[in-house]
Protein chains: 4
Amino acid sequence: MKIDSIKLGKKRRGARRRERTRTDILNAARDVFAEHGYHEASIAEIAERADIAVGTFYLYFHDKDEAFETILDEGFEVTRSRVMEAIAAQEPDGATLSIVIHAILHHAYEQRALFRIALTGSKQLTQPSRVQHAIAEIIATILEDAHRQAALIGYDLPILTSLLTGMITQAIAWWFEHDTPDPDTMANQVIRILQHGLPAHVFTSQT
Amino acid sequence: MKIDSIKLGKKRRGARRRERTRTDILNAARDVFAEHGYHEASIAEIAERADIAVGTFYLYFHDKDEAFETILDEGFEVTRSRVMEAIAAQEPDGATLSIVIHAILHHAYEQRALFRIALTGSKQLTQPSRVQHAIAEIIATILEDAHRQAALIGYDLPILTSLLTGMITQAIAWWFEHDTPDPDTMANQVIRILQHGLPAHVFTSQT
Amino acid sequence: MKIDSIKLGKKRRGARRRERTRTDILNAARDVFAEHGYHEASIAEIAERADIAVGTFYLYFHDKDEAFETILDEGFEVTRSRVMEAIAAQEPDGATLSIVIHAILHHAYEQRALFRIALTGSKQLTQPSRVQHAIAEIIATILEDAHRQAALIGYDLPILTSLLTGMITQAIAWWFEHDTPDPDTMANQVIRILQHGLPAHVFTSQT
Amino acid sequence: MKIDSIKLGKKRRGARRRERTRTDILNAARDVFAEHGYHEASIAEIAERADIAVGTFYLYFHDKDEAFETILDEGFEVTRSRVMEAIAAQEPDGATLSIVIHAILHHAYEQRALFRIALTGSKQLTQPSRVQHAIAEIIATILEDAHRQAALIGYDLPILTSLLTGMITQAIAWWFEHDTPDPDTMANQVIRILQHGLPAHVFTSQT
DNA sequence: AATGAATGAGGATTCATTCAT
DNA sequence: AATGAATGAATCCTCATTCAT
């Protein structure tokens, strides 16, 4: 029994260590990708920041690509679940668009580095930015509900979803260059537009 | 005099030729950047498509970067002037937001390659804003007018501009993956949102 | 005394175990070398097939090279003794070339993996001779006898030995790509050439 | 006309230069491969010996492999044609085995580096040594003639070809470690065996 | 002006070997 | 004795840029 527990201890320690190294690498990689973008990020720099040898990187990730993908995948998994939790906590009966927008912007504000990578450090051209996809999915669920209730007649649902996503994405990107406003204020700006629209004035001739 | 005019002729011919080569390179480069993105685009391929030698490229552009910048700069200069012309033609008294959105989307639809480069093939991280900047500027003029007339109380003007730009940009990006709808339909979707907002329904609890 | 015997038992068991592990590694290594060749064989794969940790490999062999050398050395020691036994069993008075060739090809046919390593997976350039050397030695003893009896006048003994070795080696290499003929048939082909030579016909002009 | 000839001159000079560089690389590569074998040969060393930059290597060969293949391909093409010429010169009516063996060994002696690469510096395991193939082809033509005339009853033709090839190959390999004997003497040793066979003595019990 | 061969720094990836546990 | 995570030197290959012609 003693032996068992010791062995178990060892195993746990090994696993813990392995996990810690993996996290170190992922954090370092996220920073480097965020700073330089996919192409200009070098494994050497990631390794240095994670305080490991170059070769160690390859013990945890098959190649540069896999690390990149992992950051996005795991990052957005966290995003999705956090946002979902926030929504569920506030409005158990069903999410409203306002709550969703607030939740997304709150989380995005805290995870700027991740969003920066996803929005600008892309590896491929065709990636319509995985962020957009993640955001779009969340928004889609709400709009689909509304659509089912025939509340969105006149709108093409996929396009509407995409356009809202574009707006929210832009709100997030705003923070790449500015530090204010805070997420709530930003969310209110977005919601205001979506709720009331702009004054008729701007759509007609301006004399 | 005769000699002079000959020289002049030569000069002119030389200049015309130079101009043609420059355009060839720019066209080839735009295609290659659009196909592969900044990083994967090689000078060799650009040169081949422009039917010139690699070295010749460097007689016209200082480096890869300069060609890239030139494409965006000249491209958006054209965009701006075309859109402005379109607006002026339709509504001499002053543009309305509807007209601007229609004009922008029309032009963008025709210049997909350019917009694709600007939106996805960026060289640096902070760059996706090149298109956005161009679009934002046009929109800003209209919103500023409205703002001056106190019609936009409650909105932060720069942020509002940015958000609208995000929506329009997203509409353009939609065409990177889909061929429909046509620019007018797309513009109408955008305008519908901005004019009426979404039904109150989606902002409140959904029972 | 009791303690002693226990210790002894332990020691023996330890030694036996050590021996078994060593053999496991050697077997795994032989397979991997045979499959991939020296350079493409990785310690990691050898360790995996031997069901040990990478580090353990280095407890038994100083480096990749030593394992490789050991395989060849021990392999050919076995070859030599088996062949010698076979000869002694058949012809106690002294071996004949026929018997030797039969014996060598029989053994080689069964030990293809080893011979494949020795002939094609070599580490260094000057090495293809390891097998050759082993074969040559056996053949040399016979030829030297004959030479002593002045039966090989006109032949340079070392060269003759080498040439016969080349022929036999080639016979073995034949099996790297073909499964037939069986060792006896193959041996008879070799012997036929060495016994009668080729018809005079092929050495003169062919009208 | 003057312009034409100048242009032509330029073209020729360029082509000549290109050809020279290619040859330089091939020569350097042949040496390095011969010294270190395929795997240990580094492009850097080849480039240095050819007195070019690393990148230049890749202007002429797609990768290490292609250079290696080219050396063998071109090398054996030369071998074949030289040997064929030699044969044709001596015996217009049809080659005899003696002449072929002399010719092969003569050429091989002069091209030791090439043969060393082909025989020992192989890249893949399955390569039954392209040399062998080249030699085998030449020998096959002669033996097939004889076979057609039913002079080789009792022999399996492909195996016989292979065995002779093995012998000749071994003769060439001999020179990797020794400088003597000269090609003619060596050829005579080979021919002597093939013509008369070994004394019956060595095949029977040796009392 | 045009050419295109040459350059060489830069970066990804591998794997034999070590060593703390 | 055994483990297997960590190391980092070594090597291939790319491509923007230069420059002799």
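So that the names make sense, note that chain A is the first sequence line, chain B the second, and so on, each numbered from 1. The structure displayed is predicted, hence computed values, not measured ones.
Atom CD in A:Glu19 sits about 17 Å away from atom C1' in F:dA6, given to the nearest Å. For the pair A:Lys64 NZ and E:dT14 C1', the interatomic distance rounds to 17 Å; values are reported in whole Å. Across the protein-nucleic acid pair, D:Arg20 atom CZ and F:dT21 atom C1' stand 14 Å apart, rounded to whole Å. Residue B:Tyr38 contributes atom OH, which lies 12 Å from atom C1' of F:dC15 at whole-angstrom precision. Residue C:Glu66 contributes atom CD, which lies 14 Å from atom C1' of E:dA16 at whole-angstrom precision. Between the C1' atom of E:dG11 and the CD atom of B:Glu40 lies a distance of 13 Å, rounded to the nearest Å. Atom C1' of nucleotide F:dT3 and atom CG of C:Asp51 are separated by 13 Å, given to the nearest angstrom. Atom CZ in C:Phe61 sits roughly 16 Å away from atom C1' in E:dA16 (whole-Å rounding).
At F:dA5, none of the side-chain N or O atoms of A:Tyr60 fall inside 4.0 Å of OP1 or OP2 (strictly under the cut-off). Side-chain N/O atoms of D:Thr21 include none lying less than 4.0 angstrom from OP1 or OP2 on E:dA5. Within the 4.0 Å cut-off from OP1 or OP2 of F:dA2, not a single side-chain nitrogen or oxygen of C:Tyr58 is found. The phosphate of F:dA1 (OP1 or OP2) has a side-chain N or O of C:Arg18 nearer than 4.0 angstrom. When the side-chain nitrogen and oxygen atoms of B:Thr56 are compared with OP1 and OP2 of E:dT3, one or more of them lie within a distance under 4.0 Å.
With a 6.0 Å radius and a threshold of 12 heavy atoms from other residues, nucleotides or ligands, D:Asp51 has its CG atom at or below the threshold.
Residues D:Val54 and B:Leu59 each lie close to DNA chain E; by heavy-atom proximity, the contact nearer the 5' end of the strand is made by B:Leu59. When the nearest nucleotides of DNA chain E are assigned to B:Phe57 and C:Asp63 by heavy-atom distance, the more 5′-ward of the two goes with B:Phe57. Nearest-nucleotide mapping onto DNA chain F: of D:Gly55 and C:Arg17, the residue sitting toward the 5' end is C:Arg17.
Looking only at distances, no side-chain donor or acceptor of B:Thr56 sits under 3.5 Å from a matching main-chain atom of B:Ile52.
As judged by a 4.0 angstrom heavy-atom cut-off over every strand, B:Ala41 is placed among residues touching the sugar-phosphate backbone only.
For the pair B:Lys64 and B:Tyr58, the cation-pi criterion (under 6.0 Å, within 45° of the ring axis) is not fulfilled. In this structure, D:Arg18 satisfies the cation-pi test against D:Tyr60, with its NZ or CZ atom closer than 6.0 Å to the six-membered ring centre and inside 45 degrees of the ring normal.
Of the candidates F:dT11, E:dT7, E:dT3, F:dT11 carries the atom nearest the D:Ser42 side chain, counting heavy atoms from C-beta on.
Here CD of C:Gln111 is found 7.0 Å from CZ of C:Arg30. Values are rounded to the nearest 0.5 Å.
Taking a pair to require two hydrogen-bonding distances under 3.5 Å in either a Watson-Crick or a G-U wobble arrangement, F:dA5 pairs with E:dT18.
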